[in-house]
Amino acid sequence: MNLTRRPRRLRRTASIRALVEETRVTVNDLIMPLFVIDGQGPRQEIASMPGQQRLNLDDLVTECASLAAIGIPAVALFPALDPTLKDEEGSGALDENTLVLRAVKAIKKNIPELTIITDIALDPYTSHGHDGVLNADKTDVENDRTVAILTHMAVLNAKAGVDFVAPSDMMDGRIGAIRESLDEAGFENTGIIAYSAKYASAYYGPFRDAVGSASAAGTNLLGKHTYQLNPANRREAQMETLLDEQEGADILMVKPAGPYLDIIRELRDSTDLPVSAYQVSGEYAQIHAAARLGWLDLPKTRDESLLSIKRAGADMILTYFAREVAQNLAK
Ligand code: PBG
């Protein structure tokens, strides 16, 4: 053939391929989510998330130290509470001595340079597993009353020393309200990572096992469809992220990540704020499950999944693979 353009010339050798490589995942992009439990007990394996464990406070600090040592810049903390501490109102979230606040203080004391992100939502604290409090006839999550609780919760988290609060609840107006309360309380340097485009996704299943919030999620009560986004909607995600930006979010988030690469790209093209993406528990679990069956190569699929999220436009990725990917990059 008499071809002017032969694109394969640029794929001929490994060194040429390296030169023209457009996207690279680095350790700086990775945020490790961690589950914390009370007491002195041993690490608890999470069945649907192979390799992930619930950690007591001491193990959590040890884990964070080793993550920081391999260059992971940030962790996101999720408490798995004893069911006896949960109630309809999620009042444990406003307990000044609640587990996650003790975890933040312990990490900050030992590894001050590690960035800490905490989730702002009531699901670890409510007996029904919803992210907010229910209305009188228990048919829906009440928006404004939930926001009032979340603003209080965010201030407690800021007081404990978190670098970023990450509202994952999808209530209307919560970013503005949280920003205002943080500023009023003197925490103008505490940032907000807004779960802006958080979809009502089936991919959260393993996480709900991990924190024990599975009973909500569409089983005994309503699903989370009255607050999380409909997976069919793209424009609505744009609108939500724009609102969060206007209300003062520092970083925006798309969640899940892999099945929503179009949303990540669109957001990247329409904002100048950093964009984060959360490769959620179900995305992690499905790669592990297929690998266990011998149907996919785990490291290759894992790396490709993260590369794709980065290529779509994410500046940072919350992923349960963070530790092992960082270890591999350091080799
Ligand atoms: C809840 C929350 C969820 C996740 C993070 N924060 C689950 C939910 O909305 O029910 C899911 C994370 C994952 O699946 O890895 N506020």
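Whatever order the structure lists ligands and atoms in, that order sets their numbers, starting from 1. Below, all heavy atoms of this structure are taken into account, side chains as well, without hydrogens, waters or symmetry copies. This one's a predicted model, so the numbers in the text were calculated from it and none came from an experiment.
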(request) Give a yes/no on ligand 1: does Q279 have at least one heavy atom closer than 4.0 angstrom to it? (result) no

(message) Give the atom numbers and elements of ligand 1 that come within less than 4.0 Å of a heavy atom of K255.
(response) 2 (C), 3 (C), 4 (C), 5 (C), 6 (N), 11 (C), 12 (C)

(message) Is there a continuous path of hydrophobic side-chain contacts, each under 4.5 Å between heavy atoms, that joins L242 to Y260?
(response) no

(message) At under 4.0 Å between heavy atoms, is it the side chain or the backbone of A121 that contacts ligand 1, or both, or neither?
(response) side chain

(message) What's the separation between atom CG in L296 and atom CD in Q286, rounded to the nearest 0.5 Å?
(response) 9.0 Å

(message) If we check side-chain contact (heavy atoms from CB on, under 4.5 Å) with I192, which of these qualifies: L252, L182, I251?
(response) L182

(request) For the pair E89 and R145, find out whether any cationic side-chain nitrogen is under 4.0 Å from an anionic carboxylate oxygen. (result) yes

(message) Against ligand 1, does E283 come closer than 4.0 Å with any heavy atom?
(response) no

(request) Look only at interatomic distance and state if Y195 has a nitrogen or oxygen under 3.5 Å from any nitrogen or oxygen of ligand 1. (result) no

(message) Only heavy atoms of Y320, strictly under 4.0 Å: list the atoms of ligand 1 that pass.
(response) 12 (C), 13 (C), 15 (O)

(request) Show which atoms of ligand 1 fall inside a sub-4.0 Å distance from at least one heavy-atom site of K224. (result) 8 (C), 9 (O), 10 (O)

(request) Select one of side chain, backbone, both or neither to describe which atoms of D169 lie under 4.0 Å from any atom of ligand 1, heavy atoms only. (result) neither

(request) Pick one of side chain, backbone, both or neither for how V280 approaches ligand 1, counting any non-hydrogen atom pair under 4.0 Å. (result) both

(request) For D119 and Y195, test the side chains for any donor-to-acceptor distance below 3.5 angstrom and give the result as yes or no. (result) yes

(request) Assess K198 against Y204: is NZ or CZ under 6.0 Å from the centre of the six-membered ring, and within 45 degrees of the ring's axis? (result) yes

(request) Run the numbers for me: atoms of ligand 1, each under 4.0 Å from some heavy atom of D123, listed by number. (result) 1 (C), 2 (C), 16 (N)

(request) Mark up the atoms of ligand 1 that fall under 4.0 Å of a heavy atom belonging to K198, in ascending order. (result) 1 (C), 2 (C), 3 (C), 6 (N), 8 (C), 9 (O), 16 (N)

(request) Give the other cluster members for I37, using side-chain heavy-atom distances under 4.5 Å between Ile, Leu, Val, Met, Phe, Trp and Tyr residues; answer none if it is isolated. (result) none

(message) Can a side-chain donor-acceptor contact be found between D297 and T301 if the only test is distance below 3.5 angstrom?
(response) no

(request) Check ligand 1 against Y278 and write out every atom of the ligand that is under 4.0 Å from a heavy-atom position of the residue. (result) 12 (C), 15 (O)

(message) Looking at K138 and E88, is there a salt bridge between them, counting it only when a charged N and a carboxylate O are closer than 4.0 Å?
(response) yes

(request) Considering the heavy atoms of S168, write down every atom of ligand 1 situated less than 4.0 Å from one of them. (result) 1 (C), 6 (N), 16 (N)

(request) Using a 4.0 Å heavy-atom threshold (strictly under), name the region of Y284 that reaches ligand 1: side chain, backbone, both or neither. (result) neither

